[in-house]
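Counting convention: from 1, in listed order, for ligands and their atoms alike.
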Amino acid sequence: MFYSPLRPRQGIYSSYSQSFRRMHVRALSYSTIPKVLVRAFRVPIAGATVGAGALGYANYKFEELKQASAGWITSVQETATDVFDTASDGIKAARSRLSEVQFPNVETPGFLKDLFSSREKYSGKESDGGKGSENGKSGGPPNGDDAAVATLMAATLAGPSYSSDEQSSQGNLENQPNVLMGLTRRLIEIRTMLLSVDRGDSLKLPSIVVIGSQSSGKSSVLEAIVGHEFLPKGTNMVTRRPIELTLVHTPAVPGNQKPQEYGEFPSLGLGKFSDFKQIQRTLTDLNLAVPASDCVSNEPIDLRIYSPNVPDLTLIDLPGYIQIPSMDQPETLKEQIATLCDRYIQEPNLILAVCAADVDLANSPALRASRKVDPLGMRTIGVITKMDLVPPEAGAQILTGNRYPLHLGYVGVVCKQSGKKSSNNETAGQLVKRAESDYFASHKDYFGKSSSLMVGTSTLQNRLMTVLESSMASSLHGLTNGVQLELEDATYQFKVKYNDRRITAESYVAETMDTLKARFRDYTSQFSRPELRARLKEILNNKVMEIMEQIYFSDARVRELSALAADPKVKPENVEPYWHYKLEAATSLLTKSGIGRDTTLRVVDGLRALIDTIISGEPFTHHPRAAERLVAFGHSILRDRIGVTSDQVENCIKPYKYEIEVDDREWELGRTKSADVVEKEIIEEKEKEKRARKFSMPAGDAPPESEEEVHYRFSPAQMIDAKHALLYSDRVNILRLRLSTLKSKRCKGGRTNDILCPEAFLDVVADKLAYTSAMFINIELLEHFFYEFPRQIDSRLNYNQDRQEVVAFARENPIVREHLELQERKDKLEEIMKKLNSLTSLRTDIQPSSRRSKGLFGNMF
Ligand SMILES: Nc1nc2c(ncn2[C@@H]2O[C@H](COP(=O)(O)OP(=O)(O)OP(=O)(O)O)[C@@H](O)[C@H]2O)c(=O)[nH]1
């Protein structure tokens, strides 16, 4: 995402961005980087060593040298001139500060050293093996040419030497300058943050990319740097994914014998692995998870290793180049690997081109690939492995880099145990180290102090550190500008889209839960006691109608009952027992029909529908899994209560199975309500009849005149509809008769007429049953459910979730995800910007006030 130049930048944005920009430009006008220290301190060191008088002469000599050199030396000239400019400024400050300052071992460009070492050889002086500049104490008083050379050497060789001597002197990372370690660490932190903001190429700090052909020794080199075996091993192309390895130097705890070393896979959240074999197994599994048919994947594995024995570095291990794929590998594998490597070796990354000493460099695919993107080798370090497999003179010849020159040079290593038995429980890493130092020690003539060749894993470590740090530093300017633009863009969008309203995943979850509970509360009003009673009564009304149908309406004598009721002379006690039995059977059917279970299940159905309703619609449409869980635990609460509730209701209605007392008020209410029910039933039946008639004989058709005509004019379906129509019509007639009875004086006469007015009596019974059922369903089911369900929402959906689950939940909602992502992006960019700016303070702390800010690190790369 880039800032659009067309976007209006007014008001607070423009002033904000302008002030930010001003601040940034100021920040960049100084270097934040220790390379500055090279200039800041090298020269005072040199100055202090040779004395101010030598400077003028040295300057003159340098000019002489410069002219004699080829065109490429221009960059040297700039560096050195800058050094001398700075020297005269800084010499006073240096004198006073020399005693306080701890000088960093900062690297010097190889070509500059070569220049001076050749000059030294030429003058016939014995080399000091690169140690001469150590702590700025090299050389004696200036003496003609020697003074110039000494001055320049002091100035330029202030960084760590590349000689074999380095193996012992610099193997101990605890001795690394704190400033350098701290800065690289901060830059690596920034790099990691940048990766989380933008996986693209726009915001990038460099890493070291390890490339080389299969079996060239890439893994062995990385393991030697880390001091442990941890990379996947095997013949079946086990490195299938890029491994982004971040090494974090953790200071050793004083008095702690065993160093605290561990690795972790941050994106997998598997915790700390202190067993490196386990890291190896995990890496193997992750790599082999890429199907053999694909063979390589672009998806990187993120691994961090913390140890007091590693420098702060970021390295990327890639699958090795192959010549031709084997039978079981895809045809395009060679191209796939090359494309993957090509992607990683682009700027600003540094390239660690691993080549085996026993294979001609002309055949090195790593050098070939690096040359395509970095023809001058300005960001390529050659690592020559398996030095022990070639004669030392041949190995030394390769390291000179004469045939395939690389600006950053070659480092020779031996990364295999010698096979000699370990004397005192040495670890594999220590054995490899010992084998290496034994090897180089036994060939001092070629790789000893007098040689300027870079050999040994420790030298490689230091070289990588300084080169990475410098490279990161030189990327800083562009990066800071890039971050600034991205930040402006994110700030603008956040204002426009969300009016700077901040949200958190937690607040969204809490809000969602509140919405859910509020909806739940709203819907629970449907289950108030009167509401519940009315619903249960409705269920029982239907049951009463069913019973009436079964006992009375289907009885051919039902019209007789209405006739009896209509006759004022008939006394209820004189009505024949047939009708007494009928009423008893009807009452019993009603009270003993399993009211407890029926009513409970109907209420449970209602509650299930309630759960479905509250999870339908926003925002739960975005959270199907949470909705599923909600349904599951809601149903589980209900399931647990069904048995208890229905038993309880059944128990409480038991007395009605034997005796039902009805007072006048209840009777009258029952009578009117049953009349209403019958009336409603009549309307419904008439509707049904009308529909059946319509289907059996369409409107306008003449009625059939004979039985035969019926048969040929109407289909069987029409015949069935016609029969139904007749039945409905019959039933409507009966219902009308019953309605008039219910409205008659007889029924209004009270409970004594229950035999003649069974509907009224059954309605009273149904009312009593509904009342009792509602009371106990309320106690046993509803109260429990209404108490338990919201608590379960909290405990199962809300409180029980860890941070990761909360974030995952919030991100399921695309609107919230977009909001959170922009907010996080803005926050991260602000944090990165802050960290980038804080590097300035690092510079201020250590830079002499008289230093010029010119040059920075630009000349290095
Ligand atoms: N003699 C000797 N053998 C070495 C050296 N470095 C690595 N080897 C051996 O070379 C072989 C290949 O080494 P690896 O480190 O697995 O090579 P790689 O480039 O990672 O191989 P792939 O992962 O297959 O691409 C192993 O058998 C190592 O033991 C060395 O300096 N000297």
Side-chain angles (χ1 to χ4, degrees), residues 164 167 208-243 245 276 280 283-284 286-288 290 292 295-297 301 303 315-326 329 333-334 336-338 340-341 344 351-359 361 363-367 369 382-392 394-396 398-399 410-420 428-429 431-443 447 454-460:
S164 56
Q167 292 161 41
I208 299 165
V209 180
V210 185
I211 53 168
S213 53
Q214 261 193 340
S215 297
S216 55
K218 298 180 298 300
S219 310
S220 305
V221 170
L222 288 176
E223 288 177 345
I225 290 173
V226 173
H228 287 280
E229 271 188 41
F230 68 98
L231 288 166
K233 297 274 154 56
T235 47
N236 190 22
M237 199 183 150
V238 280
T239 310
R240 297 179 181 184
R241 293 171 61 180
I243 301 173
L245 177 64
F276 280 75
Q280 190 176 42
L283 281 175
T284 308
L286 289 170
N287 272 291
L288 294 186
V290 178
C295 253
V296 286
S297 154
I301 300 168
L303 170 63
L315 298 140
I316 299 166
D317 187 22
L318 292 173
Y321 289 105
I322 57 161
Q323 291 303 326
I324 28 169
S326 63
Q329 289 172 333
L333 183 60
K334 187 176 171 187
Q336 270 175 268
I337 295 172
L340 177 64
C341 293
Y344 274 94
I351 305 166
L352 198 69
V354 178
C355 318
D358 59 344
V359 177
L361 289 199
N363 296 327
S364 164
L367 286 180
V383 176
I384 307 299
T385 57
K386 309 187 186 183
M387 289 288 286
D388 56 322
L389 295 187
V390 292
I398 300 172
L399 296 186
Y410 289 86
V411 184
V413 293
V414 175
C415 300
K416 193 171 182 171
Q417 296 174 28
S418 62
K420 280 188 202 164
L431 283 171
V432 170
K433 241 183 186 152
R434 190 155 62 81
E436 184 180 62
S437 50
D438 286 353
Y439 175 79
F440 288 120
S442 62
H443 298 99
F447 310 113
M454 295 187 280
V455 291
T457 310
S458 305
T459 306
L460 179 62

Answer yes or no: is there a donor N or O on one side and an acceptor on the other, between the side chain of E436 and the main chain of V414, under 3.5 Å? yes

Quick one: OH on Y410 to CG on L460, what's the gap to the nearest 0.5 Å? 14.0 Å

Out of G320, S220, A224, who is nearest to atom 14 (P) of ligand 1 when you count heavy atoms only? S220

Suppose we screen for ring-ring contact (aromatic ring centres under 6.0 Å, His included). Which residues come up paired with Y439, at least two apart in sequence or across chains? H443

Atom pair CG (D317) and CD (E223), whose distance is rounded to the nearest 0.5 Å: 9.5 Å

Test of understanding: with side chain to side chain donor-acceptor pair (under 3.5 Å), list the residues that count as partners of Q336, not counting sequence neighbours. T332

Taking all non-hydrogen atoms of both residues into account, name the closest pair between D358 and V390 and its distance. CA-CG1, 3.7 Å

Check for me whether G212 has a heavy atom closer than 4.0 Å to any atom of ligand 1. no

Atoms of ligand 1 close to K218 [distance to a heavy atom under 4.0 angstrom, numbered from 1]: 15 (O), 17 (O), 18 (P), 19 (O), 20 (O), 22 (P), 25 (O)

List the atom of I384, the atom of A357, and the distance in Å for their closest heavy-atom pair. CG2-CB, 3.5 Å

Which residue supplies the protein heavy atom nearest to atom 21 (O) of ligand 1, what is that atom called, and how far is it? S215 N, 3.0 Å

Suppose we measure from atom 31 (O) of ligand 1 to each protein heavy atom; which comes out shortest, and what is that distance? C415 N, 2.8 Å

At a 4.0 Å threshold, what atoms of ligand 1 neighbour a non-hydrogen atom of S219? 15 (O), 18 (P), 20 (O), 23 (O)

So is there a nitrogen or oxygen of G217 less than 3.5 Å from a nitrogen or oxygen in ligand 1? yes

Only heavy atoms of L389, strictly under 4.0 Å: list the atoms of ligand 1 that pass. 1 (N)

Closest heavy-atom pair and its distance - L318, K218: O-CE, 3.6 Å

Suppose we measure from atom 11 (C) of ligand 1 to each protein heavy atom; which comes out shortest, and what is that distance? K386 NZ, 4.1 Å

Tell me whether Q280 contacts the main-chain N or O of P232 through its side chain, where contact means a donor paired with an acceptor under 3.5 Å. no

Taking 4.0 angstrom as the limit and counting only heavy atoms of D388, give me the atoms of ligand 1 inside it, by number and element. 1 (N), 2 (C), 30 (C), 31 (O), 32 (N)

for atom 2 (C) of ligand 1, nearest protein heavy atom and its distance come out as K416 CD, 3.5 Å

Could you tell me which atoms of ligand 1, counted from 1 in the order shown, lie closer than 4.0 angstrom to a heavy atom of S213? 19 (O)

From atom 26 (C) of ligand 1, is the closest protein heavy-atom distance below 4.0 Å? no

Would you say M387 and ligand 1 have an N/O pair spaced under 3.5 Å apart? no

